[in-house]
Peer 1: 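Take this structure first; my questions come after.
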2 protein chains.
Amino acid sequence: MTANASTQGIARAIAGVAASPGTLTAALVEEGQIDILNMAAQCFMARGYASTSIDDVARRLGSTKGRIYHFFASKADLFFAVAEVGMQFNYAAIDASLKSEAPAMERLRDMAFAHCLSMIETQPFQHSVWQGVEIHLRGSTTPEQRERLNALIETRDHYSALFRKVMEEARAEGAIHYDDPGIARQLMFMTLNSPIFWYKPRPGETAEDRKNIARQCTDFVLAGLGATPTA
Amino acid sequence: MTANASTQGIARAIAGVAASPGTLTAALVEEGQIDILNMAAQCFMARGYASTSIDDVARRLGSTKGRIYHFFASKADLFFAVAEVGMQFNYAAIDASLKSEAPAMERLRDMAFAHCLSMIETQPFQHSVWQGVEIHLRGSTTPEQRERLNALIETRDHYSALFRKVMEEARAEGAIHYDDPGIARQLMFMTLNSPIFWYKPRPGETAEDRKNIARQCTDFVLAGLGATPTA
DNA sequence: AATTGAACATACTACCGAGTATGTTGTCAA
DNA sequence: TTGACAACATACTCGGTAGTATGTTCAATT
């Protein structure tokens, strides 16, 4: 419960989603796990999954292994929990604009913006999601983790399909144009996801500053997709 | 010297650069190291640096540790050698368009295309370069590796600056427009680099197919930077 | 033919890290 | 007050991996 300054932002983000109408996190994240998930996400981002030891996470928590293994069965279990929370952040982020009745182009813009902002504001979790996808794209895992990993990828694919649908609608409306849909989607996500890698919170940074970054990424993507610039 | 089908492409790429006028690879890569570097690059891409054991590389080589440690002092040494070769591929790729006298916009297009194509055709090496940058952005390494890692980052920064210069020229010419130059460069490189992650060689694929992918990425980037579409 | 050294293979050590087994503390119910 | 259980901490085991020490082969000198 005692969150120091460096963890406060993420703890707030988790609390925000947990407080949202969705029942997703309520089922997954219990009280005693929040701090562990936050610190684990930071470790996984800082050193990568393979290089992060459970002792690293425990050290950042100011406690020992015992606490972690009390709540999580294994290192992989902890990792997947982090990644799944990350995906839930994303669903929560695009939820409103997804339900919108606006034209496809406007929905696409809003979803892209919300997604990108989620990358920035829940960066450590998103970095873990990324690593999970990377591990999957290769294919070197044990059968136990396989199942859990496949579930994560399935979630990710479903999420991706939401964007795909809106993209196709916007394309049908003539608002954007691209050659290969698969490549276009890859490039869009890579651009929107890129803050995962290069974003660093500045001291004194405001929420508006972060929105500004997300806006630039979104503009870049829409222009890249051949959208006519808005006024 | 006996390269099987799966390694032939990369071996050809190394031979191509080694045969080029530049003296870069001649100094770095010796005969007995080529196969090792190729297999190491593949392993690092497949499992990541941390998860790759020297025995993994040896197994892929069809030999044992002894061979690797005969040429490379440590695992880190091998990794940096791979990454440095990767950077040399990139310099070689953009060399021609860099020296061009054409307008900045045209040079930028050529460089972006060449860079992207290099990502595709030397993918495993570029993936290692990426990992090196990632490790650096965090900052958890031993002092010995630090020096070597800093050298790699310096090379990478210098390479990035080449693009920065041309981008600014093109911007001054009014050919492109963007808000924050740093973000614009990040988004450009992320898009051009993205094949590192999602490209997979298809059976029966031609060099033209790869060029087509690079072209789509380049078009996306230039459009993202606000360039007026060419005829 | 003997020597030398490069290019490996084999056999080992030392350590680190995941997972476990067990102890300790506090709290709450009965 | 006393179990009883949750929430940890402590102290171990044990497998994997980087690195080393030492053999072995072969080809080129001399």
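Keep in mind it's a predicted model, so treat the numbers as computed, not measured. To find a chain, count down the sequence lines: A is the first, B the second, and so on, and within it residues start at 1.
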Peer 1: Given B/T206 and B/D209, is the side chain to side chain donor-acceptor pair (under 3.5 Å) satisfied, shown in steps?
Peer 2: CA-CA 5 Å; B/T206 68; B/D209 293 331; 3.3 Å; yes
Peer 1: Atom NE2 of B/H70 and atom P of C/dT10: how far apart are they, to the nearest Å?
Peer 2: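 Result: 16 Å.
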Peer 1: Between B/G66 and A/Y69, which has a closest nucleotide on DNA chain C that is more 5'?
Peer 2: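 The residue whose closest nucleotide sits nearer the 5' end is B/G66.
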Peer 1: Hey, which sits more toward the 5' end of DNA chain D by its nearest nucleotide, A/G62 or B/D55?
Peer 2: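 Looking at DNA chain D, the more 5' nearest nucleotide goes with A/G62.
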Peer 1: Is it true that B/K99 and B/D95 make a salt bridge, defined as a side-chain N closer than 4.0 Å to a carboxylate O?
Peer 2: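 Counted as a salt bridge, because a side-chain N and a carboxylate O are separated by less than 4.0 Å.
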Peer 1: How close or far is atom P of D/dT25 from atom CZ of B/R67, stated in whole angstroms?
Peer 2: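 Going from B/R67 (CZ) to D/dT25 (P), I get 18 Å.
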Peer 1: Can you check whether any acceptor in the base of C/dA9 is under 3.5 Å from a donor in the side chain of B/K65, or vice versa?
Peer 2: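 Side chain to base: no pair below 3.5 Å.
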Peer 1: Considering non-hydrogen atoms only, spot the tightest contact between A/F72 and A/D77 and give its length.
Peer 2: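 A/F72 and A/D77 have their closest heavy atoms at CA-OD2, 3.5 Å.
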Peer 1: Assign A/S53 to base, sugar-phosphate, or nothing according to its heavy-atom contacts below 4.0 angstrom with the strands shown.
Peer 2: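 If one applies the 4.0 Å heavy-atom cut-off, A/S53 turns out to touch the sugar-phosphate alone, with no base involved.
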Peer 1: Over all strands shown, is A/S51 touching base, sugar-phosphate only, or nothing at heavy-atom distances under 4.0 angstrom?
Peer 2: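 Contact class for A/S51: none.
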Peer 1: Tell me: CD of B/Q33 to C1' of C/dC8, nearest whole Å?
Peer 2: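 After rounding, the reported distance stands at 14 Å.
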Peer 1: Return the value, rounded to whole Å, for the distance between atom CD of B/E31 and atom P of C/dA6.
Peer 2: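 Atom-to-atom, B/E31 to C/dA6, this comes out as 17 Å.
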